[in-house]
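The residues of the chain are indexed from 1 along the displayed sequence.
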Amino acid sequence: MSVNKYYFASTTTTAGTTRRPATVADPVYVRERVDPTTQVVRSLIGGPTNWLRPVVRSSFPTGTQLAKGVTALTPDDQNKLTVPLNDKAENVGHTKCDEMAAQLLFTLQSLTPAVEEVELRAGGTRLCSLTESRAATVAARGSEDHPDYLYFIDGEHRLARMSSGEDTRADPVPGALGDGTKALRSVAVAHDEHMAAGVTIDGKALYVGSMVTGSSLGEPVLRSTGATESDRLTAPSWDGQGDLWVADRDPGAPRLLLLQKGGGTPVAVRTPSLDGRINAVRVAADGVRIALVVEKDGKQALLLGRIERDQKPGEQQPTVSVQELRSATPELEQVTAVSWAGDSRLVVVGRESGGVEQVQYVQSDGSVPEAGTLPGLTEVQSIAASEDSEAPLFATSKNGLLWLPGGSGWRTLKETASAVLYPG
């Protein structure tokens, strides 16, 4: 069975901020019927998988293991799991101990939601204990912010939004991206839902603005000189650190770009293993994993890469690269839309060779979960899932804006919409 282990993104946020460290899911397989709890705890303490290792850290001190003689770990009748560790963990500080406990709690809840508390012990003494309610104050799991709204581009090419609850009334967003000043083709909303980025309908210009009444756009933060619409800017994507990602598909100068905090001089992202042209960009909230739809020889594949950042003291810009791109959907020849849909899961629209278009979930390690296939759609233009697994799926097609209520088929919600998105 697939289980998510949790580590911390090793990228540092802006100095002086009090943001909690962001956790990154690292899916591994454990044997379902052979004490999976103890297996996954040993695996977590042992460290991340090789692919993720360069961009994450663990709060378990080097050399930490389960205490000698521990053969099985079982939660007590209060749903608390006690984890005895060897002497390498005896002298950890309180902050580190809380982080270790958060890694364990998030990992164990990926296996069984019944575990509500983790207690760490070493050398016969209690180091710390962490409950489910307090874990959220120690570390951020996925996006720190649950979406207040669902966003879409309406029939007048404006950015509109509606409550992510039962209310389906929609209104243009406050500010210039919602007032129709610029006709929009694609949009991304920052995780905090204060800022948004929009690409004009011809694909030439990227604007960033705040969603506040009366706000203006100013000059575009990026321009493409591609000859045709399909040779210009992709839809943008925000990571959880507030940085904006976009690809310029100009055949004369194809680039993957990062705009720090949505502005400034664009950082050209190195892509040493890229073979093809980027047609879509989706960055995970943790800022260390990126999904790219890449076109080569008439086929479109979904690739996942690891984002590595290195900023040397005194340098204005970091060196950023996407490393070890790997296929997430080897059986699909034409991937047309993708969205992150959880800590280690994406929802993908595509079709196999000679097949019909299908909508399915895939894990970030390329495996397909048991309940992976969803009701099919045709001519999908965009799909929106949230890293908050409780939020419903939405899509746009020739029929407008559709949504997928639990356990039923797709239903048309609005007749006109060309792109749909959650924050990110």
Side-chain angles (χ1 to χ4, degrees), residues 4-11 22-28 48-57 142-143 188 233-241 243-249 254-260 266-297 299-311 317-333 335-350 361-368 385 387 424:
N4 287 335
K5 303 191 294 180
Y6 284 87
Y7 298 94
F8 297 109
S10 55
T11 50
T23 55
V24 184
D26 189 13
V28 294
T49 56
N50 290 335
W51 187 83
L52 200 58
R53 190 181 303 275
V55 292
V56 296
R57 64 174 177 84
S143 171
L233 300 175
T234 65
S237 179
W238 296 89
D239 64 29
Q241 297 183 35
D243 293 335
L244 183 64
W245 297 71
V246 67
D248 186 350
R249 297 176 287 178
R255 301 175 296 165
L256 177 62
L257 298 166
L258 165 67
L259 291 97
Q260 293 180 284
V267 178
V269 179
R270 298 174 183 175
T271 52
S273 58
L274 179 67
D275 183 17
R277 185 174 85 154
I278 298 172
N279 280 343
V281 178
R282 291 290 180 271
V283 187
D286 54 53
V288 301
R289 295 171 299 165
I290 187 168
L292 302 174
V293 176
V294 175
E295 181 182 358
K296 186 188 178 187
D297 298 332
K299 298 177 181 178
Q300 290 202 142
L302 176 63
L303 305 180
L304 290 182
R306 182 181 69 232
I307 298 169
E308 297 189 8
R309 309 180 195 220
D310 180 26
Q311 183 145 17
Q317 288 191 326
T319 300
V320 184
S321 63
V322 173
Q323 301 287 346
E324 287 196 67
L325 284 164
R326 62 187 188 186
S327 174
T329 52
E331 75 285 359
L332 296 182
E333 279 198 359
V335 174
T336 53
V338 62
S339 174
W340 285 94
D343 291 347
S344 67
R345 190 177 69 164
L346 303 99
V347 62
V348 182
V349 181
Y361 287 117
V362 296
Q363 293 291 106
S364 59
D365 61 1
S367 62
V368 178
E387 294 195 40

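In this structure, L302 CG and L346 CG are separated by 6.0 Å, a value rounded to the nearest 0.5 Å. T271 OG1 to L292 CG: the interatomic distance, rounded to the nearest 0.5 Å, is 8.5 Å. Here Q260 contributes atom CD and Q311 contributes atom CD; the two are 6.0 Å apart, rounded to the nearest 0.5 Å. Taking CG of D248 as the start and CZ of R277 as the end, the distance is 10.0 Å to the nearest 0.5 Å. Rounded to the nearest 0.5 Å, atoms CG (N50) and CD (E324) are 8.5 Å apart.
In this structure, the side chain of D286 does not engage the main chain of V24 through any donor-acceptor pair within 3.5 Å. A donor-acceptor contact shorter than 3.5 Å is absent between the side chain of W340 and the backbone of A285. Side chain of S10 to backbone of V55: a donor-acceptor contact under 3.5 angstrom is found. The backbone N or O of Q300 sits nowhere less than 3.5 Å from a side-chain atom of E295 that would complete a donor-acceptor pair. No side-chain donor-acceptor contact under 3.5 Å links R289 to the backbone of L304.
Nearest heavy atom pair, residue G276 against residue K296, reads CA-CB, 4.3 Å. Shown here for A188 and P236, the closest heavy-atom pair between the two residues is CB-O, 3.3 Å. Summarising the geometry of S273 relative to L325, their closest heavy-atom pair is OG-N, 3.4 Å, with the distance given to 0.1 Å. Taking both residues in full, the closest heavy atoms of D243 and R309 are given as OD2-NH1, 3.0 Å, listed atom of the first, atom of the second, then distance. Of all non-hydrogen atoms in A284 and D239, the two that sit nearest each other are O-CB, 3.9 Å. Of all heavy-atom pairs between R57 and Y7, the closest is O-CB, 3.5 Å.
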- I307 and V283: CA distance, side-chain angles, deciding distance, side chain to side chain contact (heavy atoms under 4.5 Å, CB included) verdict: CA-CA 9 Å; I307 298 169; V283 187; 3.9 Å; yes

- Item | Verdict with reasoning, E308 to S321, per side chain to side chain donor-acceptor pair (under 3.5 Å) | CA-CA 5 Å; E308 297 189 8; S321 63; 4.5 Å; no

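Partners of S339 according to the side chain to side chain contact (heavy atoms under 4.5 Å, CB included) rule, which considers only residues two or more places apart in sequence or in another chain, are V347, I383, A385. Partners of R282 under the salt bridge (Lys or Arg N to Asp or Glu O under 4.0 Å) rule, at least two apart in sequence or in another chain, do not exist in this structure.
Among the candidates I290, V246, L257, the single residue satisfying the side-chain contact (heavy atoms from CB on, under 4.5 Å) test with V281 is I290. Shown are D343, T23, D26; of these, the side chain to side chain donor-acceptor pair (under 3.5 Å) with Y6 is made only by D343. Test L259, V320, T234 against W245 for side-chain contact (heavy atoms from CB on, under 4.5 Å) and you get one pass: V320.
With contacts defined as side-chain heavy-atom distances shorter than 4.5 Å, the pair V28/T49 qualifies.
Atom CZ of R326 has more than 12 neighbouring heavy atoms from other residues, nucleotides or ligands inside a 6.0 Å radius.
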